[in-house]
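Below: one structure, written as structure tokens.
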Amino acid sequence: SHYAAQMARPVLERALGAEVTCLVPSDFGAPPSARRVLYIAVSQSGESTNIYELIRRLTDAGQVVAAVTERTDSPVGQAASLAVPLPMEPEAIGAKTLGVTATVLTLMLLGLSVCRDGAWRGELLDAMEDLCNNGEEILRRAQAWSLAHRAALLPYSHLEVLGCGSGLGAAREGALKLLETNYLPVCAYALDEYLHGIQNALDGGTCLLCLLPREGPDRTRMLRLADFARGVGARCCLIAPGGAEDPDALVLPDAGHPALEPLVFLPAVQTLAACLSAARGIDTSRRRYPAFFSLMGSKLEEPPCRAGR
């Protein structure tokens with residue numbers, strides 16, 4: 001949910017004309033000094049104890065909290081001032097894919113619904129429609145590329161996903177999905193971070209997955225890094241909406257707008273995660289450690305009662 005918020009933030013800030021800060025509950029300190037603050041609590045399951053407890057704390061202090069969640073009757077949905085449901089069918093698999101994408105889109109559309117810049121809103125909505133129309137083609141290309149590269153990628157026991165700009169949230173979510181479905185260490189890095197020390201770990205055992213932006217200086221730097229990484233023996237795969245001069249790249253349809261690139265990267269990395277996981281014989285429909293949430297107290301099993309709700 002945190003990564004979904006990061007992916008939606010550029011659209012929300014432009015649409016609302018306001019500062020948008022993305023936080024996990026443990027990073028939340030004192031409420032900001034601004035008099036008018038809207039809190040948006042994001043939890044697909046609606047059962048996360050940390051976000052539920054923060055909502056209670058905020059609403060008890062008289063703050064307005066809007067929840068974005070799969071079920072409005074979940075603990076998170078019931079505790080919030082109002083709840084916005086995710087427009088999707090229930091997702092039983094533990095490593096969420098549909099829910100993440102639906103959360104990003106819902107947050108973006110919430111911002112666009114009150115955007116006063118009609119021309120920019122229309123531009124984004126048109127690009128979203130084109131992106132939806134290209135959805136099947138994105139999945140087709142991602143599946144074909146993943147199957148073609150599966151044998152080469154399976155031997156790697158540690159993957160690194162690089163992103164920048166609007167694609168950084170997608171890199172973090174993609175790394176999490178690869179980890180959740182393949183039971184392997186996977187790290188996500190911002191391109192700037194990677195270039196200031198982490199490159200020292202590059203060698204023949206490194207596999208980089210680079211989410212290549214459509215244009216700009218970050219694109220040039222990421223391509224330069226890919227050439228360097230290959231020069232020291234690392235494997236480097238590019239996911240490139242709009243294309244790239246690299247015969248080994250996963251070339252996908254253009255997102256139509258830089259802020260929407262995460263919605264192209266997401267299904268591509270999710271498809272790769274599923275392909276590698278299936279090849280390893282991992283059943284992702286079952287939790288690896290079924291009792292983990294109960295042991296850690298990180299999920300609410302039943303909606304708690306609250307007076308007046």
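Just so we're clear, the structure is a prediction, and the values are computed from it rather than from any experiment. Sequential numbering from 1 along the given sequence is applied to the chain's residues.
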**Report entry** Nearest-0.5 Å distance that lies between atom OG in S26 and atom CD1 in I51
**Finding:** 10.0 Å
Query raised in the report: When you measure from the side chain of R172 to the backbone N and O of A188, does any donor-acceptor pair fall under 3.5 Å?
Result: no
**Report entry** Any side-chain heavy-atom pair of L54 and Y39 under 4.5 Å
**Finding:** no
**Report entry** Atom pair CG (L176) and NE2 (H2), whose distance is rounded to the nearest 0.5 Å
**Finding:** 12.0 Å
Report task. State which residues pass side-chain hydrogen bond (donor to acceptor under 3.5 Å, both in side chains) with R224; sequence neighbours excluded, sorted by chain then number. Result -> none
Query raised in the report: With S166, which residues qualify under side-chain hydrogen bond (donor to acceptor under 3.5 Å, both in side chains), at least two apart?
Result: none
Query raised in the report: Are L191 and V232 joined in one hydrophobic group, where the rule is that I, L, V, M, F, W and Y side chains link up if heavy atoms are under 4.5 Å apart?
Result: yes
Query raised in the report: Mind checking whether F265 and M222 sit in one hydrophobic cluster, side chains of I, L, V, M, F, W, Y counted as touching below 4.5 Å?
Result: no
Query raised in the report: Just by modelled atom types, is the A80 backbone N or O under 3.5 Å from a matching donor or acceptor in the T59 side chain?
Result: no
**Report entry** Contact check, side chains of E193 and I198, non-hydrogen atoms, under 4.5 Å
**Finding:** yes
**Report entry** Exceeds 12 heavy-atom contacts within 6.0 angstrom, atom CD of Q143
**Finding:** no
Query - Of V11, L16, L12, the residue whose pairing with L112 passes side-chain contact (heavy atoms from CB on, under 4.5 Å) - result: V11
Query - Cluster check V114, L109: I/L/V/M/F/W/Y, side chain < 4.5 angstrom - result: no
Report task. For the residue pair H158 and C187, establish whether any side-chain heavy-atom pair is separated by less than 4.5 Å. Result -> yes
Report task. State whether D246 and R230 are salt-bridged, where the test is any N-O pair (Lys NZ or Arg NE/NH1/NH2 against Asp/Glu carboxylate O) under 4.0 Å. Result -> yes
Query raised in the report: Would L124 and C115 count as a side chain to side chain contact (heavy atoms under 4.5 Å, CB included) if you check the C-alpha gap in whole Å, the side-chain angles of each, and the deciding distance to 0.1 Å?
Result: CA-CA 11 Å; L124 262 290; C115 178; over 6 Å; no
Which atom pairs, one a donor and one an acceptor, fall under 3.5 Å between side chains of residues 272-281 and the rest of the protein, sequence neighbours left out?
| unit_1 | atom_1 | unit_2 | atom_2 | d |
| --- | --- | --- | --- | --- |
| S277 | OG | T181 | O | 2.6 |
| R280 | NH1 | N182 | OD1 | 2.6 |
| R280 | NH2 | L154 | O | 3.0 |

Query raised in the report: Which pair of heavy atoms, one from I138 and one from P267, lies closest together, and at what distance?
Result: CG2-CG, 3.9 Å
Query raised in the report: Can L208 and L202 be said to form a side chain to side chain contact (heavy atoms under 4.5 Å, CB included), step by step?
Result: CA-CA 9 Å; L208 289 179; L202 279 171; 4.0 Å; yes
Query - Contact summary for R56 and A79, nearest pair of heavy atoms - result: CD-CB, 4.3 Å
Report summary line: Heavy-atom closest pair (G169 atom, Y3 atom, distance to 0.1 Å) is O-CB, 3.9 Å
Query raised in the report: Step by step, would you call M7 with V100 a side chain to side chain contact (heavy atoms under 4.5 Å, CB included)?
Result: CA-CA 10 Å; M7 286 181 263; V100 175; 4.2 Å; yes
Query - Same apolar cluster (I L V M F W Y, side chains within < 4.5 Å links), L147/L139 - result: no
Requested in this report: Kindly indicate whether the side chain of N50, heavy atoms from C-beta on, has any atom under 4.5 Å from the side chain of V24.
Outcome: no
Report task. State, to 0.1 Å, how close S1 and S43 come at their nearest heavy-atom pair, and which atoms those are. Result -> OG-CA, 3.7 Å
Query raised in the report: How far apart are the C-alpha atoms of L159 and L209, what are their side-chain angles, what is the distance that settles it, and do they pass the side chain to side chain contact (heavy atoms under 4.5 Å, CB included) test?
Result: CA-CA 7 Å; L159 305 176; L209 185 63; over 6 Å; no
Report task. Please say whether more than 12 non-hydrogen atoms of neighbouring residues, nucleotides or ligands are located less than 6.0 Å from CD in E137. Result -> yes
Query raised in the report: OG of S81 to CG of L58: how many Å apart, nearest 0.5 Å?
Result: 9.0 Å
Query raised in the report: Got a sec, which pairs hit salt bridge (Lys or Arg N to Asp or Glu O under 4.0 Å) with one end in residues 109-135, sequence neighbours left out?
Result: R14-D117
Query raised in the report: What are the two closest heavy atoms between S45 and R71, and how far apart are they?
Result: O-NH1, 4.2 Å
Report task. State, to 0.1 Å, how close L184 and Y156 come at their nearest heavy-atom pair, and which atoms those are. Result -> CD1-O, 3.9 Å
Query raised in the report: Can you find a heavy atom in the side chain of V269 that is under 4.5 Å from one in the side chain of K177?
Result: no
Query raised in the report: By side chain to side chain contact (heavy atoms under 4.5 Å, CB included), which residues pair with E53, not counting sequence neighbours?
Result: T49
**Report entry** Residue list, side chain to side chain contact (heavy atoms under 4.5 Å, CB included) with V251, at least two apart or on another chain
**Finding:** R141, A249
Requested in this report: Taking N200 for its side chain and G197 for its backbone only, find out whether a donor-acceptor pair lies under 3.5 Å.
Outcome: yes
Query raised in the report: How long is the span from the CG atom in L212 to the CZ atom in R219, to the nearest 0.5 Å?
Result: 4.5 Å
Query raised in the report: Can you hop from L250 to V264 via hydrophobic side chains spaced under 4.5 Å?
Result: yes
Query raised in the report: Mind checking whether D248 and L238 have side chains closer than 4.5 Å, heavy atoms only?
Result: no
Listing, residues 101-108 side-chain donor-acceptor contacts under 3.5 Å, not counting sequence neighbours, or none:
| unit_1 | atom_1 | unit_2 | atom_2 | d |
| --- | --- | --- | --- | --- |
| T101 | OG1 | T97 | O | 3.3 |
| T103 | OG1 | G99 | O | 2.7 |
| T106 | OG1 | A102 | O | 2.7 |

Requested in this report: Decide yes or no for R221 and D192: does some side-chain heavy atom of the first lie under 4.5 Å from some side-chain heavy atom of the second?
Outcome: yes
Requested in this report: Please collect all ring pair (Phe, Tyr, Trp, His ring centres under 6.0 Å) contacts where either partner lies in residues 126-153, sequence neighbours excluded, each pair once.
Outcome: W145-H149
Requested in this report: Check whether any side-chain N or O of T72 sits under 3.5 Å from a backbone N or O of P85 as a donor-acceptor pair, and report yes or no.
Outcome: no
Donor-acceptor pairs under 3.5 angstrom involving side-chain atoms of residues 255-263: please list them, not counting sequence neighbours.
| unit_1 | atom_1 | unit_2 | atom_2 | d |
| --- | --- | --- | --- | --- |
| H257 | ND1 | A259 | N | 3.1 |
| E261 | OE2 | R214 | N | 3.0 |

Query raised in the report: Excluding sequence neighbours, so at least two apart, what forms ring-ring contact (aromatic ring centres under 6.0 Å, His included) with Y194?
Result: Y189
**Report entry** Atom CZ of F228: over 12 foreign heavy atoms under 6.0 Å
**Finding:** no
Requested in this report: Kindly write out the residues that satisfy side-chain hydrogen bond (donor to acceptor under 3.5 Å, both in side chains) with R235, not counting sequence neighbours, or none if the list is empty.
Outcome: none
Query - Non-neighbouring partners of R150 that pass side-chain hydrogen bond (donor to acceptor under 3.5 Å, both in side chains), sequence neighbours left out - result: none
Query raised in the report: Can you tell me how far the CD1 atom of I239 sits from the CG atom of L162, to the nearest 0.5 Å?
Result: 11.5 Å
